Amino acid sequence: MTRRRTPRNSVIRLTTGHAARTLNHPFPRREPVLALDFGATSVLVTTSGPVTVADLEFARQLAREASRFARSLERSFYGLPDGKGLAA
């Protein structure tokens, strides 16, 4: 992950729970939309026009970080050797 070049102005924390879900909308004639739903709040991720190389790189980065996040949760939940969680 690259370093931020501008400071954060604000942070929004969206936590998972029974109402949290993700859904990919692969529209056939326009850019796809990734929906991150957190109960009454939704975050939609899409492009600003035709798909570019930068869009593809962002999507790949998002997938890598989501995979790392899932592995970190698994370590915490199952107490894997390289995690700091409690053994299940």
Side-chain angles (χ1 to χ4, degrees):
M1 209 159 109
T2 60
R3 288 184 163 243
R4 294 185 65 81
R5 293 185 179 155
T6 57
R8 288 186 175 98
N9 291 325
S10 62
V11 174
I12 298 171
R13 183 179 189 160
L14 302 168
T15 58
T16 61
H18 71 280
R21 66 186 186 115
T22 61
L23 186 59
N24 178 48
H25 299 281
F27 298 107
R29 292 192 169 92
R30 58 177 261 217
E31 295 75 21
V33 174
L34 176 64
L36 309 174
D37 292 325
F38 301 90
T41 303
S42 291
V43 177
L44 303 179
V45 181
T46 189
T47 66
S48 60
V51 176
T52 67
V53 171
D55 296 327
L56 291 173
E57 180 50 38
F58 176 80
R60 291 179 182 132
Q61 179 184 5
L62 180 63
R64 279 192 307 270
E65 294 306 317
S67 178
R68 289 176 182 161
F69 179 67
R71 285 194 306 271
S72 294
L73 289 176
E74 288 168 347
R75 284 186 208 104
S76 295
F77 185 76
Y78 293 114
L80 297 177
D82 54 344
K84 298 181 191 285
L86 301 173

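All figures in this text were calculated on a predicted structure; none of them were measured in a lab.
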Between T52 and D55 (side chain of the first, backbone of the second, donor and acceptor by atom type, cut-off under 3.5 Å), is there such a pair? yes

Run the side-chain contact (heavy atoms from CB on, under 4.5 Å) check on L14 and T41 step by step: do they pass? CA-CA 9 Å; L14 302 168; T41 303; 4.1 Å; yes

Are V33 and L36 linked, directly or through other ILVMFWY residues, by side chains that come within less than 4.5 angstrom of each other? no

Do V43 and L34 belong to the same hydrophobic cluster, where Ile, Leu, Val, Met, Phe, Trp and Tyr are linked whenever their side-chain heavy atoms lie under 4.5 Å apart, directly or via other members? yes

For F27, look at atom CZ and say whether over 12 heavy atoms of other residues, nucleotides or ligands are found less than 6.0 Å away. yes

Over all atoms of both residues, closest heavy-atom pair of A35 and H25: CB-NE2, 4.0 Å

Got a sec: does the CD1 of I12 have more than 12 other heavy atoms crowding it under 6.0 Å? no

Could you check R71 against S67 for side chain to side chain donor-acceptor pair (under 3.5 Å), going step by step and ending with a plain yes or no? CA-CA 6 Å; R71 285 194 306 271; S67 178; 2.9 Å; yes

Could you pull out the closest heavy-atom pair between F38 and T15, with the gap in Å? CD2-O, 3.5 Å

Taking all heavy atoms of T46 and all of P32, pick out the closest pair and write down the distance. OG1-O, 2.8 Å

Dump the intermediate steps for side-chain contact (heavy atoms from CB on, under 4.5 Å) on V53 and E57, then the final yes or no. CA-CA 6 Å; V53 171; E57 180 50 38; 5.5 Å; no

